[in-house]
Amino acid sequence: MPDKKGSAYGTPASDTSFRRNYDLDEYAQKAKVREAAEKEEAKARYEAKLAGKKYYKPMTGDETHTTARREVIDLEANVGKTLLVPAGAGQGKRGRSAGFYCSACDLTFKDNMQWVEHINSMQHLRNVGETGEVKKATAEDVHQRIIEVWERLQEQKKASTTTLKERLELREEEEAKEREARRLKRQEELAKKKAEKEAAEKIKVEYGDDVRIEGEHDEDDMMAAMGITGFGTSKKK
């Protein structure tokens, strides 16, 4: 007869050893650290308010300089779409609701003007890991930027071509560039070989014919190692 107090697995019915055990001291320490950080942030916010300034998240030292935005802001991505939002999500800006949502700041904005102002604000830049300061560009940076913009414009021009004549013209331009690149490469190789040959001749002139150039007498050395002193001829004189 089975034991009424036991379970089908042979363990007591009141056994809860399968449940996860939490370290209360560890979580209590984490709670203290979080509360201390919240108190410090509240104090900094209060001091900034008294000074008439806006509070920003303190920097950690890992931030990068703010750079120009490379992608185009798509303000019409959700036009005509239906979004499911939790009940009561439309109260204030905090949290995700219907509108333009910023995951870095956990804020939602109802119109595009507020959204653009927010992503350009210091609060957003600090939250995404930027200092809000722009690095001073050098002449090389400006030159590289001009090249990037020019290449992007050329790619857009190629993508907009529709007629067969325009495509053939673009293909001819690309082939001409490839031929020019191959020609320059051949010229560089010939110039390199010429420079090496001139350097070898210069060594011979300066030090005489006794100087051995690497690879110059490989065939003679191989013949000597095989015991061949030379090739005779069967032609009668």
Side-chain angles (χ1 to χ4, degrees), residues 57-74 77 103-104 116 119-122 124-237:
K57 182 180 178 181
M59 293 188 293
T60 60
D62 299 331
E63 291 81 6
T64 59
H65 287 284
T66 301
T67 57
R69 190 179 297 108
R70 299 298 180 91
E71 66 277 359
V72 179
I73 302 176
D74 189 3
S103 58
V116 174
I119 59 178
N120 292 330
S121 66
M122 185 64 68
H124 177 77
L125 295 177
R126 290 285 180 86
N127 288 334
V128 296
E130 297 183 4
T131 60
E133 299 177 356
V134 180
K135 180 182 177 181
K136 187 177 180 180
T138 61
E140 184 178 356
D141 295 336
V142 174
H143 181 68
Q144 184 65 27
R145 179 64 174 168
I146 292 174
I147 293 175
E148 292 177 0
V149 173
W150 174 254
E151 290 179 352
R152 187 168 66 249
L153 291 176
Q154 293 300 316
E155 291 295 332
Q156 293 177 356
K157 181 181 178 181
K158 292 179 182 179
S160 62
T161 56
T162 55
T163 62
L164 179 60
K165 182 179 179 181
E166 292 175 348
R167 292 181 181 177
L168 292 175
E169 291 177 355
L170 289 175
R171 182 58 183 170
E172 290 178 358
E173 292 178 1
E174 292 177 356
E175 291 178 352
K177 291 179 180 179
E178 292 176 358
R179 288 194 297 269
E180 181 67 17
R182 289 195 297 267
R183 186 182 67 82
L184 294 176
K185 186 176 180 180
R186 286 195 302 269
Q187 287 183 352
E188 291 177 358
E189 292 177 353
L190 292 174
K192 184 178 179 181
K193 291 181 180 179
K194 184 179 180 181
E196 293 176 353
K197 185 177 181 181
E198 291 177 353
E201 294 294 336
K202 184 178 180 182
I203 292 175
K204 283 187 176 183
V205 171
E206 293 179 354
Y207 299 100
D209 294 334
D210 295 335
V211 178
R212 293 174 60 88
I213 306 301
E214 183 180 358
E216 183 179 7
H217 301 284
D218 290 348
E219 185 177 351
D220 297 337
D221 295 341
M222 184 181 295
M223 291 174 63
M226 297 173 63
I228 302 174
T229 59
F231 294 99
T233 177
S234 60
K235 184 178 181 181
K236 295 181 180 180
K237 297 182 179 179

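FYI, the numbering just counts along the sequence from 1.
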Visitor: Taking all heavy atoms of Asn120 and all of Leu125, pick out the closest pair and write down the distance.
Guide: O-CD1, 4.2 Å
Visitor: Rounded at 0.5 Å granularity, tell me how far OG1 in Thr138 sits from CD in Gln144.
Guide: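 Output value for this atom pair is 10.0 Å.
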Visitor: So does Lys177 pair up with Glu180, basic N to acidic O under 4.0 Å?
Guide: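 Not counted as a salt bridge, because no side-chain N and carboxylate O are separated by less than 4.0 Å.
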Visitor: Taking CD in Glu140 as the centre, count heavy atoms belonging to other residues, nucleotides or ligands within less than 6.0 Å. Is the count above 12?
Guide: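 No, CD of Glu140 has 12 or fewer neighbouring heavy atoms, counting only those of other groups under 6.0 Å.
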Visitor: Rounded to the nearest 0.5 Å, what separation is found between the CZ atom of Arg171 and the CG atom of Leu168?
Guide: 10.5 Å
Visitor: What is the minimum heavy-atom distance between Val128 and Ala104, and which atoms define it?
Guide: CG1-CB, 3.8 Å
Visitor: So, Lys193 and Glu189, do they make that salt bridge, N to O below 4.0 Å?
Guide: no
Visitor: What residues form a salt bridge (charged side-chain N to carboxylate O under 4.0 Å, His left out) with Glu178, not counting sequence neighbours?
Guide: none
Visitor: Please report the interatomic distance CG(Leu184) to CZ(Arg182), rounded to the nearest 0.5 Å.
Guide: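 Between atom CG of Leu184 and atom CZ of Arg182 there are 11.5 Å.
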Visitor: Does Arg183 reach the side chain of Arg179, with side-chain heavy atoms less than 4.5 Å apart?
Guide: no
Visitor: How long is the span from the CD atom in Glu175 to the CD atom in Glu172, to the nearest 0.5 Å?
Guide: 7.0 Å
Visitor: Compare all side-chain heavy atoms of Val149 with those of Ile146 and state whether any distance is below 4.5 angstrom.
Guide: no
